[in-house]
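Worksheet: the structure to be examined is printed underneath.
In what follows, chains are A, B, ... by sequence order, proteins preceding strands, each numbered from 1.
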2 protein chains.
Amino acid sequence: MTNTSKTATLICTEIERRIAAGAYSDGEKLSEQGLAAEFAVSRTPLREALQILQGLGHVELIPNRGAFVRRPSITRLVEMFEVMAEMEAWCVRLATARITPAQRLYLRQAATDCDKALAANNPEAYFEANGRLHGTIYEASGNSVLMEETQRMVRRLRPFRRSQLNLTGRLEASMREHDEILNAIEENEPERAAALMRAHINILSQSYDQYLAQIEGLPGHTH
Amino acid sequence: MTNTSKTATLICTEIERRIAAGAYSDGEKLSEQGLAAEFAVSRTPLREALQILQGLGHVELIPNRGAFVRRPSITRLVEMFEVMAEMEAWCVRLATARITPAQRLYLRQAATDCDKALAANNPEAYFEANGRLHGTIYEASGNSVLMEETQRMVRRLRPFRRSQLNLTGRLEASMREHDEILNAIEENEPERAAALMRAHINILSQSYDQYLAQIEGLPGHTH
DNA sequence: TCTTCGCAAGTTGTATACAATATCACCACA
DNA sequence: TGTGGTGATATTGTATACAACTTGCGAAGA
């Protein structure tokens with residue numbers, strides 16, 4: 001994904017944004033010609049973007065028929081969060097046993113940066129540091145395949161995550177959870193770390209309730 | 001993947017086969033022009049195949065540079081099996097609680113078909129029935145996202161699975177394991193079912209030792 | 001001799017033209 | 001009235017032409 005051509009990535013992100021925003025109804029057909037004209041590119045890079053979107057599960061490509069949006073239902077989004085929570089829990093369970101001293105430092109640094117960003121009321125910096133913290137845990141799991149799959153899951157959910165979700169309330173609680181997870185890692189308690197992480201992600205998913213309800217109410221949504 | 005154009009899928013499968021067979025060394029560059037000529041197609045469908053391969057993690061596409069094969073090391077293949085084993089275990093744990101009577105019947109039917117195929121010494125039929133059995137478990141997990149991700153993992157490992165691995169010895173043991181897993185499901189013991197499944201996949205992975213050693217010995221492999 | 005700049009060849013990225021396939025309206029016919 | 005077939009139209013799939021970029025060689029200069 002990070003290695004894909006610039007144009008296709010941009011188009012892909014924009015279509016993702018639209019799907020998450022509810023601009024398309026579930027099952028709606030995406031016209032190659034129409035989108036190509038809209039983005040002022042030829043069909044070649046547009047088709048590339050559609051293939052990426054298929055890989056992320058956001059559209060379905062049917063041969064000789066075209067691309068059809070797959071807008072996730074509430075059920076499906078919950079399932080995605082469920083899978084991600086379990087993968088993150090698994091990462092941290094392994095990481096607790098395998099983490100290196102250097103990675104321990106990275107983790108604490110990332111946690112500190114989260115803290116600073118929160119104090120500075122800088123959501124962008126917070127999400128960067130938050131991503132770094134979680135990413136370090138994936139890496140510390142010592143299983144690169146698990147790491148990549150977890151990152152892929154994060155990537156899939158990205159368009160559905162609200163960047164501005166209640167900055168004061170939830171983020172502070174989230175930070176305390178980070179600290180507890182890091183403590184569990186340092187105290188070498190893999191099961192506790194995993195349970196805390198699972199709860200951390202699941203609580204996170206609940207913050208999307210409002211959004212989920214909104215998406216469900218949009219027209220054309222069937223499941 | 002199943003929804004991709006015929007041509008690209010064929011090319012993709014052939015390149016996968018070659019990577020698994022060790023025809024390319026790790027990091028080797030794949031020439032679009034060369035491969036297009038070889039498969040007697042234009043660069044357009046060939047690039048589509050390369051994008052699919054990137055999605056499966058078998059090549060890395062670097063913008064303006066080209067496609068580079070990512071032949072998995074022993075370590076990486078073990079990691080892939082580890083992830084798959086855990087996902088399958090997770091599926092069966094959920095399936096034990098959620099399976100429907102109809103799915104129970106499908107499972108037993110698939111197990112019977114495995115049995116028949118083994119008796120008839122028909123490996124192709126065995127692998128079909130085996131896939132059906134595992135697929136039904138994914139589906140019975142009740143989490144479609146988990147199901148899709150697990151299937152994707154199976155798909156990724158496919159080119160590295162030997163279709164003919166000792167037909168008499170291992171397959172019979174594999175079948176007994178199937179029966180034990182199905183029993184655990186019907187006796188409503190999710191943890192036992194999960195443990196059995198994890199062992200089932202991990203033992204399976206050990207059958208590839210010979211192959212893994214072979215791949216590792218090939219030239220150009222670095223990690 | 002080593003470094004750096006610039007040009008040329010080759011490769012990838014994109015646009016466009018053409019071929020193959022699906023869609024849909026219309027008509028013949030029971 | 002309903003059903004099945006047929007052709008026009010539109011859309012997708014593929015080939016090809018062109019643009020943009022990378023790479024590697026070689027010359028100029030320190």
Heavy-atom pair of closest approach, residues Ser174(A) and His200(A) | OG-CE1, 3.1 Å
When you check the phosphate oxygens OP1 and OP2 of dT14(C), does a side-chain N or O of Thr7(A) lie under 4.0 Å from one of them?
-> yes
Round to a whole Å and report the spacing from CZ of Arg47(B) to P of dT12(C).
-> 8 Å
Can you tell me if CD on Gln33(B) sees more than 12 non-hydrogen neighbours from other groups inside 6.0 Å?
-> no
Do the side-chain N or O atoms of Ser42(B) get closer than 4.0 angstrom to the phosphate oxygens (OP1, OP2) of dA15(D)?
-> yes
Lys29(A) side chain near dA22(C) phosphate (N/O to OP1/OP2, under 4.0 Å) = no
May I have the distance from Arg43(B) (atom CZ) to dG10(C) (atom P), rounded to whole angstrom?
-> 15 Å
Interatomic distance where CG belongs to Leu46(A) and C1' belongs to dT12(D) [whole Å] = 12 Å
note: Glu48(A), atom CD; dT12(D), atom C1'; distance rounded to Å ~ 17 Å
Whole angstrom value for the distance that separates C1' of dT12(D) from CG of Asn64(A) | 6 Å
Base, sugar-phosphate, or nothing: which does Arg65(A) touch, judged by heavy atoms less than 4.0 Å apart?
-> sugar-phosphate
Between Thr44(B) and Gln33(B), just flag the one whose closest nucleotide in DNA chain C comes earlier from the 5' side.
-> Gln33(B)
Without hydrogens or angle criteria, can the side chains of Arg71(B) and Tyr24(B) be said to hold a donor-acceptor pair below 3.5 Å?
-> no
Phe39(A) CZ to dT14(C) P, straight-line distance once rounded to whole Å | 14 Å
Could you check how far NZ of Lys6(A) sits from C1' of dT12(C), rounded to whole Å?
-> 16 Å
Whole Å only: how far is the CD atom of Gln51(B) from the C1' atom of dT12(C)?
-> 12 Å
Return yes if some donor-acceptor pair links the side-chain N/O of Gln103(B) with the main-chain N/O of Thr100(B) below 3.5 Å, else return no.
-> yes
Test item: Glu79(A) side-chain N/O and Ser144(B) main-chain N/O as donor-acceptor pair under 3.5 Å = yes
Side-chain contact check for Glu32(A): nearest option of dT12(D), dT14(D), dG13(C) is dT12(D)
Could you work out which one of dA15(C), dA15(D), dT12(D) sits closest to the side chain of Pro45(B)?
-> dA15(D)
